[in-house]
Amino acid sequence: MKPREWSAARMAGVGFLSRRRHGNFIDGRECAPSHDAHLPVVDPATEMTIAQAPDSAAADVDLAVQAAQRAFEGKAWSGMRPAERERLLGRLSLLIEEHADELSALETLQSGKLNGLARAIDVGAGAEFVRYMAGWATKLEGQTLPNSIAAAPGSSWFTYTQREPVGVVGAIVPWNFPLAIALWKVAPALAAGCTVVLKPSEETPLTALRLAELAMEAGFPPGVLNVVCGRGATAGAALAAHAGLGRVSFTGSTPAGRAVGHAAVERMTRFTLELGGKSPMLVLADADPDEAAAGAAIGIFFHQGQVCTASSRILVHRSLVRRVTERLGQAASSLKIGSGFDPQAQLGPLVSKRHLERVLGYVEGAKEEGATVVAGGARALEGGCFMQPTVFADVRAEMRVVREEVFGPVAVVMPFDSEEEAVSMANDSPYGLAASVWSRDLSAVHRLVPRLKAGTVWVNAHNMLDSNLPFGGVKGSGMGRELGRAAVESCTELKSVCMSV
Ligand code: NAD
């Protein structure tokens, strides 16, 4: 079957798509955008338009924030018994799983990702994360603290802290894991008693809209979860700058994150930024080169390299570099490229034509600067936004393909001679999202982990996340943490109480 046939077959089975032209989801119902303007949602495997979603203006964002404020202040959600919030979040997680076929088909159609990946991550891990966060609703606690207040003689004081929801959380998400990353922001906010305005990427708005409908079906009060679609420069910027937010949680590129951070600081709105990466994978001299090459292939080609933590810089001890490069090149050349619905496909299309051209620009630039193409280096298939998995050798530290986030299936392999050099190469980046170390030498691993400037370090693995493990970056990769306790606590303010007793 050709990509077009795979897509047509799946579209026919997704009732949500029969509506074609979607509205925002505000205050518990679908709501047409104020200027009746829409943007096409395009299937990158076929380049066919599959739906239209709102191109919202600031007025639409304002409506959504007002609805979320009413829902928050009305106490229907923030005043609800935590156990009841936990129950509703649990119900939402089950509904996500019950709609796995539909949600994963929507993800593959709008982003091109492999359907198995959409099922496992956006839907499967996403639903599991909602359940994990549901449990936090009943466990947010303060502390009773001893004090040494010396006011009047004989006075006595009782001091404690309590956590209170920050109010409305504005959640701005990218297109690479549209449902999963939306849930990373929505679930902790709701567990903490906040209400939410979610702004999905203009490329991939469909699962966010469907999620809001499922939340209503689960029994969430209107206005608790609102979705406003549109472009970053308009709807996204209006949300980040809105005075009605208690917190803004952003995932996306570093330049857009910087703009969101500036807007938030202007209003003194709390913020979390999860940004780009250029994550190194360090293969030490004692590592098994074949295992490391297989790990590198997964690290960089998983989801076409459109992963913020992708192992885009493979740093290998000189004694192993030839073997690892050869094996990684062979792995790249053997991957089957095809529609995300093709069960044999191991690599789907990139998210859009615009993004494909951007990635190809980096590849051509690297060739012009003298890098050696070990594998790939061009578009793949006819029609659709497909790209060959690409491996470069003979690169230099100052090349753009080494320094900048490509966000595609493009790896560079670079040799090092000593542990010291490996650390300095790994940290020579404006980013600091993640890194991995491949070695069985425990002492070397323990020496390296604290020296790597990264929010996460994996050992003999790459790209592993867990609901309970905080995730986020240092340097240009962002501020704050998602997942785990850190995520739900970030949606609260810590209030200190000091009582004369
Ligand atoms: P992007 O920055 O273009 O867009 C992300 C979201 O922000 C979209 O919803 C977009 O509409 C919105 N946006 C864009 N400009 C904005 C502005 N000025 N104000 C407010 N909102 C704005 O990123 P993308 O292309 O959708 O996603 C890819 C990027 O996301 C990569 O850099 C990747 O590394 C990063 N990412 C990071 C993580 C992480 O957890 N660190 C996870 C996934 C993706």
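For clarity, every value in this text was computed on a predicted model and none was experimentally measured. Each ligand, and each atom within it, is numbered from 1 in the order the structure gives.
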If you compare all heavy atoms of V168 against all heavy atoms of G244, which two are closest, and at what distance to 0.1 Å?
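Closest approach of V168 to G244: CB-O, 3.7 Å.
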If you round to the nearest 0.5 Å, how far is [atom2] of [Y] from [atom1] of [X]?
| X | Y | atom1 | atom2 | value |
| --- | --- | --- | --- | --- |
| N226 | L63 | CG | CG | 10.0 Å |
| T492 | R247 | OG1 | CZ | 8.5 Å |
| L273 | R258 | CG | CZ | 10.0 Å |
| R481 | L469 | CZ | CG | 10.5 Å |
| T204 | E202 | OG1 | CD | 8.0 Å |

For H462 and F302, I'd like to know if the aromatic rings sit close, meaning centre-to-centre distance below 6.0 Å.
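No, they do not, as the ring centres are separated by 6.0 Å or more.
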Validation row, ring centre F471 to ring centre W184 under 6.0 Å:
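Ring centres of W184 and F471 closer than 6.0 Å.
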For ligand 1, is [X] a contact, meaning one of its heavy atoms is under 4.0 Å away?
| X | result |
| --- | --- |
| F471 | yes |
| S201 | yes |
| A237 | yes |

Name the closest protein heavy atom to [atom], giving the residue it belongs to and the distance to 0.1 Å.
| atom | result |
| --- | --- |
| atom 32 (O) of ligand 1 | E405 OE1, 2.6 Å |
| atom 36 (N) of ligand 1 | C308 CB, 3.6 Å |
| atom 21 (N) of ligand 1 | G236 CA, 3.5 Å |
| atom 8 (C) of ligand 1 | V173 O, 3.3 Å |
| atom 14 (C) of ligand 1 | G232 CA, 3.5 Å |
| atom 5 (C) of ligand 1 | T251 O, 3.6 Å |
| atom 25 (O) of ligand 1 | W175 NE1, 2.8 Å |
| atom 37 (C) of ligand 1 | L275 O, 3.1 Å |

Within the structure, does A240 bring an N/O atom to less than 3.5 angstrom of an N/O atom in ligand 1?
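By distance alone, the answer is no.
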Do ligand 1 and S477 have nitrogen or oxygen atoms that lie under 3.5 Å from each other?
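No, since none of the N or O atoms of S477 sits under 3.5 Å from an N or O of ligand 1.
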Could you list the atoms of ligand 1 found under 4.0 angstrom from a heavy atom of [X]?
| X | result |
| --- | --- |
| I181 | 42 (C), 43 (C) |
| A256 | 2 (O), 14 (C), 15 (N), 16 (C) |
| P200 | 9 (O) |
| L433 | 41 (N) |
| N176 | 43 (C), 44 (C) |
| V260 | 19 (N), 20 (C) |

Does this structure show an ion pair linking [X] with [Y], if we count only N-O contacts that are shorter than 4.0 Å?
| X | Y | result |
| --- | --- | --- |
| R131 | E97 | yes |
| R270 | E493 | yes |
| R354 | E357 | no |
| D36 | R21 | yes |

Can you tell which of F407, Y431, F250 gets a heavy atom nearest to atom 28 (C) of ligand 1?
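Checking each option, the heavy atom nearest atom 28 (C) of ligand 1 is found in F407.
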What is the ring orientation for Y132 with F129, classed by angle as parallel under 30°, tilted 30 to 60°, or perpendicular over 60°?
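Parallel, since the angle between the ring planes stays under 30°.
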Counting only heavy atoms, which portion of L239 has something under 4.0 Å from ligand 1: side chain, backbone, both, or neither?
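The answer is neither; L239 stays 4.0 Å or more away.
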